[in-house]
Amino acid sequence: MIVLGLVAILAVFLAVQHFQEQVLSTTNSISDLDSGGDHRLSQAANRLAYSLGFNLGGKFGNLVTWCGIIIGYGVYLIVGDRRERLLLEYEQKARTANEERA
């Protein structure tokens, strides 16, 4: 689970990098088309870049949160399961010691 979470985080970072380049190249192309005096197309391209960046940032945050949960669960499986086994072994030893005394 830990490896899966780390691979997923790496994939998220690579996807963010890819989409960021795509959004910036698209908005730069739109801005280059604007040769008029009022620059409305440039403003629209800037708003598009902002909204797509905001959307991408929200998805990035959600994915990183879920990957953190997966990594945390993997750590729990390693550490928590061992602790429960040790408690069960201790309880079993206590039962056998009580049975031998009786």
Side-chain angles (χ1 to χ4, degrees):
M1 289 296 243
I2 295 172
V3 174
L4 176 67
L6 292 174
V7 168
I9 286 178
L10 177 65
V12 167
F13 279 116
L14 292 175
V16 165
Q17 185 66 27
H18 173 72
F19 286 122
Q20 181 181 11
E21 292 172 2
Q22 293 293 323
V23 166
L24 290 178
S25 69
T26 302
T27 54
N28 286 338
S29 298
I30 292 172
S31 294
D32 291 341
L33 293 175
D34 191 15
S35 60
D38 58 358
H39 301 291
R40 287 184 184 176
L41 200 55
S42 293
Q43 291 174 353
N46 290 338
R47 287 185 186 134
L48 176 67
Y50 177 77
S51 63
L52 289 176
F54 191 78
N55 188 9
L56 187 62
K59 289 178 182 178
F60 172 72
N62 287 336
L63 288 172
V64 168
T65 301
W66 280 107
C67 293
I69 290 171
I70 290 171
I71 291 171
Y73 186 67
V75 169
Y76 171 75
L77 287 176
I78 291 172
V79 177
D81 192 34
R82 181 172 180 237
R83 185 184 65 194
E84 290 174 3
R85 266 186 280 140
L86 291 174
L87 287 173
L88 290 174
E89 288 176 15
Y90 175 75
E91 185 179 323
Q92 185 66 26
K93 287 179 184 178
R95 283 184 188 168
T96 56
N98 287 337
E99 289 174 358
E100 290 176 0
R101 278 190 253 161

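Worth knowing before you read on, the calculation uses all heavy atoms, side chains too, and leaves out hydrogens, waters and symmetry mates. Quick note: residue numbers are just sequence positions, from 1.
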(message) Within the structure provided, determine whether Leu52 and Thr27 are in side-chain contact (heavy-atom separation under 4.5 Å).
(response) no
(request) With rounding to the nearest 0.5 Å, note down the distance linking CD1 in Ile9 to CZ in Phe60. (result) 8.5 Å
(message) Tell me whether Glu91 is salt-bridged to Arg95, with the criterion being a basic N under 4.0 Å from an acidic carboxylate O.
(response) yes
(message) Given Val12, which partner from the list Leu63, Asn62, Val7 fulfils the side-chain contact (heavy atoms from CB on, under 4.5 Å) test?
(response) Leu63
(request) Output yes when a side-chain donor or acceptor of Asn28 lies under 3.5 Å from a complementary backbone atom of Leu24, and no otherwise. (result) yes
(request) Group every Ile, Leu, Val, Met, Phe, Trp and Tyr by side-chain heavy-atom contacts under 4.5 Å, then state whether Val64 and Val75 land in the same group. (result) yes
(message) How long is the straight-line distance from CD of Gln43 back to CG of Asn46, given to the nearest 0.5 Å?
(response) 7.5 Å
(message) Would you compute the distance between atom SG of Cys67 and atom CG of Leu6 and round it to the nearest 0.5 angstrom?
(response) 9.0 Å
(message) Check this for me: Phe19, atom CZ, are more than 12 non-hydrogen atoms of other residues, nucleotides or ligands nearer than 6.0 Å?
(response) no
(message) Would a single hydrophobic cluster contain both Ile78 and Ile71, if residues Ile, Leu, Val, Met, Phe, Trp and Tyr are joined by side-chain heavy-atom contacts under 4.5 Å?
(response) yes
